[in-house]
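Here the structure is laid out as structure tokens; the discussion comes afterwards.
Small disclaimer: the values here were computed from a predicted structure and weren't measured. Per chain, numbering begins at 1; letters A, B, ... match sequence-line order.
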There are 2 protein chains.
Amino acid sequence: MVVTIKDIAEKVGVSVTTISRVLNNRGYLSDDLKKKVYEAMEEMNYQPNELARSLSRKKSNVIGLIIPDISHPFFGQMTKHIEFYAYKHGYKLMLCNSLLNKKKEKEYIDLLRASQVDGIIMGSHTMSVKEYMSIKLPLVTLDRQISKSIPCISSDNYSGGILATKLLLRKKCRKIAYLSGNLRLNLLAKQRHDAFIEQVSGEDIGFVVKQTDLNGFKYKEYENLVRQLFEEHPDIDGVFASSDILALQVIKECRRLGKAVPDQVKVVGYDGIQIGGTDDLSTVEQPIKKMGELAVKYLLRQIAGEEIPLETILPVKLLEKGTT
Amino acid sequence: MVVTIKDIAEKVGVSVTTISRVLNNRGYLSDDLKKKVYEAMEEMNYQPNELARSLSRKKSNVIGLIIPDISHPFFGQMTKHIEFYAYKHGYKLMLCNSLLNKKKEKEYIDLLRASQVDGIIMGSHTMSVKEYMSIKLPLVTLDRQISKSIPCISSDNYSGGILATKLLLRKKCRKIAYLSGNLRLNLLAKQRHDAFIEQVSGEDIGFVVKQTDLNGFKYKEYENLVRQLFEEHPDIDGVFASSDILALQVIKECRRLGKAVPDQVKVVGYDGIQIGGTDDLSTVEQPIKKMGELAVKYLLRQIAGEEIPLETILPVKLLEKGTT
DNA sequence: ATGAAAGCGCTAACAT
DNA sequence: ATGTTAGCGCTTTCAT
């Protein structure tokens, strides 16, 4: 059998309460006792049972993370930072991939609650506002402002949109495409689109908006989208892609069509993901690390019952590289 | 307060045992009773406490996943599939990023054990064989054969190495570089290197092997490595990169140096990750999805006390694309 | 400073 | 078919 606190108590010749006390370092313990207890634990290879602890304390030190797709570099990098800070503060991470499937997202929320997680970071948003409101668990959202009462971490999508569009205008593009995933998802990312529209509307400039119908991240789908864009609008000379991954597709398609980047077509991406192949891409960099850090920080503060800002919008940065 | 099984029992007018029974659908329950219980649960918005269940059953339905870095696309994609199958079988995933830090990896193992996970999938391997042997928990490793007694899932690294090297030879490369991360990590990936050496040794061919010293995945480090390679060996006309990410760095450096790919330098990668920018890359594709699926499957079988194969080597596939 | 005992929410013999 | 009872391993009042 597995060694429990009781075995240690018997071995040392004290009560379980005392063992629990030294385990949690509460109350007055003589150094001699402490030493004996630690020795016994060492000797018997004791490992505390977190499940029992959590049940008794009503606190699990686990946080749930729900995102659309961990294999997408943006979320991969975000998750890396979230894990880092969670671990640093003694929290474990339960990873939930929704694949932007509403049913799975809902099931995961119930599962997380049943698992008694102390809080949830939501980066996937397929449900209705009402459903989110009924979660009743410490919550921080990424990139979607669900309601005034749920804290949200995002970066400045509107400014990012302006920066990217202005860059293309400054580079004298005459017909610009805005390319994105599904805009109906109510994400703050839509503001990039709005900023784009606003900027190009005033100018004597052609523009076109194209989005995928799918909610997922299918590279094949992206490929078709890009191909279609250039078929329908061969005179495009500037593309604002709402993710770096999409931008890479655009560059690839340009290469296939023999269009020189940036001479014939200028391309600006979004996200600032770090990955081979994006080094030379002009893009709007989101502070992914900072976003992950704050998401954890605010969630933990909320768990601790402290007040936290309900809206956090971090600055973005335009990176001008070789594709514009 | 939170609703418990006891509240339901009182409401329905039966004992908690009965409620537990319908919750787990064990024994004989009259339909009428079931219905009443479900109604009460619905009405009171009851949510079972998985912590209590796990403690009592001595089974948590959580599996731990330890990998070096979730932001690396190979692991991101692997994790996506692992999560998918785990979820499908009613298991939750605890994500642990080791960052190839030995201390963190060890701490995570203890943490997972303390959290009573039912098993661990290990994709990070910085500790000694002896330490792994002492884990005493259902275990499946990815890409490292720790001992004959611990099941390992991998793909055929040796054949992959042969395929990639032969491709470069077939394309008449005269001086080939093998580029990789740290080879000391005892990973099966080292077999790619061995296969490479074996193939080029017999031929009248120049070759050079270069590896990073670092244990992490630093893109900057990769960049330096590649730059250095071409400075020291400007006559390289073929590169076998042991990951697609590295291969992308090579291609980028070639572009910077004005070397045409594939005309002047042929590049073959490894992994077959799906991400913008790798579409045109010649590479050796690992069956990432299948590997993830089997890792989960074998872990669950092991948890169930069944016998499973101790060594699983899946076939790889050469994808000949535009960079060779 | 240390212990007894109740309890966290649920499961599982064993009874009836 | 349903109930009684004793845990699961740990924490936490309340005593002493």
Side-chain angles (χ1 to χ4, degrees), chain A residues 1-38 40-41 44-62 90 110-118 137, chain B residues 1-38 40-41 44-62 90 110-118 137:
Chain A
M1 262 314 286
V2 163
V3 182
T4 75
I5 215 181
K6 198 177 157 197
D7 301 315
I8 306 291
E10 278 166 10
K11 172 140 190 156
V12 179
V14 293
S15 75
V16 292
T17 313
T18 306
I19 305 298
S20 172
R21 278 207 186 91
V22 354
L23 214 51
N24 298 288
N25 207 9
R26 267 196 245 297
Y28 311 85
L29 295 319
S30 73
D31 285 354
D32 181 52
L33 176 74
K34 275 196 205 173
K35 192 164 155 254
K36 276 202 290 192
V37 172
Y38 285 132
M41 285 179 175
M44 303 182 76
N45 196 19
Y46 169 75
Q47 301 258 180
N49 183 329
E50 284 296 329
L51 245 38
R53 279 189 143 171
S54 300
L55 179 62
S56 173
R57 284 193 189 142
K58 292 177 166 296
K59 177 146 190 330
S60 65
N61 273 42
V62 174
D110 284 340
L111 207 52
L112 289 176
R113 195 205 322 278
S115 301
Q116 312 298 116
V117 299
D118 295 334
L137 220 57
Chain B
M1 261 313 287
V2 163
V3 183
T4 73
I5 214 182
K6 198 176 159 199
D7 302 313
I8 306 290
E10 277 167 12
K11 170 139 190 154
V12 179
V14 292
S15 75
V16 293
T17 313
T18 306
I19 306 298
S20 172
R21 278 204 186 95
V22 355
L23 214 52
N24 298 289
N25 207 7
R26 267 197 245 296
Y28 311 85
L29 294 321
S30 75
D31 286 354
D32 181 53
L33 176 76
K34 274 195 205 174
K35 194 164 154 256
K36 277 203 290 194
V37 172
Y38 285 132
M41 286 179 174
M44 305 183 73
N45 196 19
Y46 168 77
Q47 302 258 178
N49 183 327
E50 283 296 329
L51 246 40
R53 277 188 144 171
S54 300
L55 179 62
S56 172
R57 283 193 189 140
K58 293 177 165 295
K59 180 149 188 329
S60 65
N61 275 41
V62 174
D110 284 339
L111 207 52
L112 289 177
R113 196 206 320 277
S115 301
Q116 312 298 116
V117 299
D118 294 334
L137 217 56

Fill in: Spacing of A:K36 atom NZ relative to C:dA1 atom C1', expressed in whole Å
13 Å

Fill in: DNA chain D-proximal residues of residues 7-15 of chain A, any heavy atom under 4.0 Å
none

Worksheet item: Do A:T17 and A:S20 get their side chains close enough for a donor-acceptor pair, meaning under 3.5 Å?
Response: no

Worksheet entry | Atom-to-atom span, CG of B:N49 to P of C:dC10 - whole angstrom | 6 Å

Discussion item. So, taking the atom named CG in A:N61 and the one named CZ in A:R53, what distance separates them when rounded to the nearest 0.5 Å?
Written reply: 9.5 Å

Discussion item. Could you tell me how far apart B:I5 (CD1) and C:dA12 (P) are, to the nearest whole angstrom?
Written reply: 11 Å

Worksheet entry | Whole angstrom value for the distance that separates P of D:dT11 from CG of B:L51 | 13 Å

Donor-acceptor pairs under 3.5 Å, side chain of residues 26-38 of chain A to any protein atom, not counting sequence neighbours: which ones?
residue: A:S30; atom: OG; partner: A:L33; partner atom: N; Å: 3.1

Practice prompt. Output, in order, the C-alpha distance, side-chain angles, deciding distance and verdict of side-chain contact (heavy atoms from CB on, under 4.5 Å) for B:D110 and B:R113.
Written response: CA-CA 5 Å; B:D110 284 339; B:R113 196 206 320 277; 3.6 Å; yes

Discussion item. At 10 degrees resolution, what angle do the end axes of the helix from C:dA1-D:dT16 to C:dT16-D:dA1 form when each is taken over five base pairs?
Written reply: 40°

Worksheet item: Can you find a side chain N or O atom of A:Y46 that sits less than 4.0 Å from OP1 or OP2 on D:dC10?
Response: yes

Discussion item. For B:S30 and A:A52, find the nucleotide of DNA chain D closest to each by heavy atoms; which residue's nucleotide sits nearer the 5' end?
Written reply: B:S30

Discussion item. Could you measure the distance from the CG atom of B:D118 to the OG atom of B:S54? Nearest 0.5 Å is fine.
Written reply: 7.5 Å

Worksheet item: Reckon B:K58 has a side-chain N or O less than 4.0 Å from the OP1 or OP2 of D:dG9?
Response: yes

Item to complete: Using atom OH of A:Y28 as one end and atom C1' of C:dG3 as the other, report the distance to the nearest whole Å.
Response: 17 Å

Practice prompt. Could you state the atom-to-atom distance from NZ of B:K6 to C1' of C:dC10 in whole Å?
Written response: 13 Å

Fill in: Integer-rounded Å distance: C:dC8 P and A:Q116 CD
13 Å

Worksheet entry | Separation of A:N49 CG from B:K58 NZ (nearest 0.5 Å) | 7.5 Å

Discussion item. If the condition is salt bridge (charged side-chain N to carboxylate O under 4.0 Å, His left out), which residues does B:R21 pass it with, not counting sequence neighbours?
Written reply: none

Worksheet item: Does B:T18 place a side-chain N or O at less than 4.0 Å from the phosphate oxygens OP1/OP2 of D:dG3?
Response: yes

Response to the item:
Rounded to whole Å, CG of A:L29 lies from P of C:dG3 at a distance of 11 Å

Fill in: side chain to side chain contact (heavy atoms under 4.5 Å, CB included) against A:K6, all qualifying residues, sequence neighbours excluded
A:T4, A:E10, A:V16

Discussion item. Let me confirm one number: the CD1-CG distance from B:I19 to B:L23, rounded to the nearest 0.5 Å.
Written reply: 8.5 Å

Discussion item. Treating A:S56 as the side-chain partner and A:A52 as the backbone partner, does any N or O pair qualify as donor plus acceptor under 3.5 Å?
Written reply: no

Fill in: Verdict with reasoning, B:N24 to B:R57, per side-chain contact (heavy atoms from CB on, under 4.5 Å)
CA-CA 12 Å; B:N24 298 289; B:R57 283 193 189 140; 2.8 Å; yes

Practice prompt. Quick one: label B:I19 by what it contacts on the DNA or RNA (base, sugar-phosphate, nothing), any heavy atom closer than 4.0 Å.
Written response: nothing

Discussion item. Working to the nearest 0.5 angstrom, can you tell me the gap between A:L137 CG and A:Q116 CD?
Written reply: 9.0 Å

What does the list of N/O pairs under 3.5 Å between the protein and nucleotides 12-16 of chain D look like, with a distance for each?
residue: D:dT12; atom: OP2; partner: A:R26; partner atom: NE; Å: 3.4
residue: D:dT12; atom: OP2; partner: A:R26; partner atom: NH2; Å: 3.2
residue: D:dT12; atom: O4; partner: A:T17; partner atom: OG1; Å: 3.4

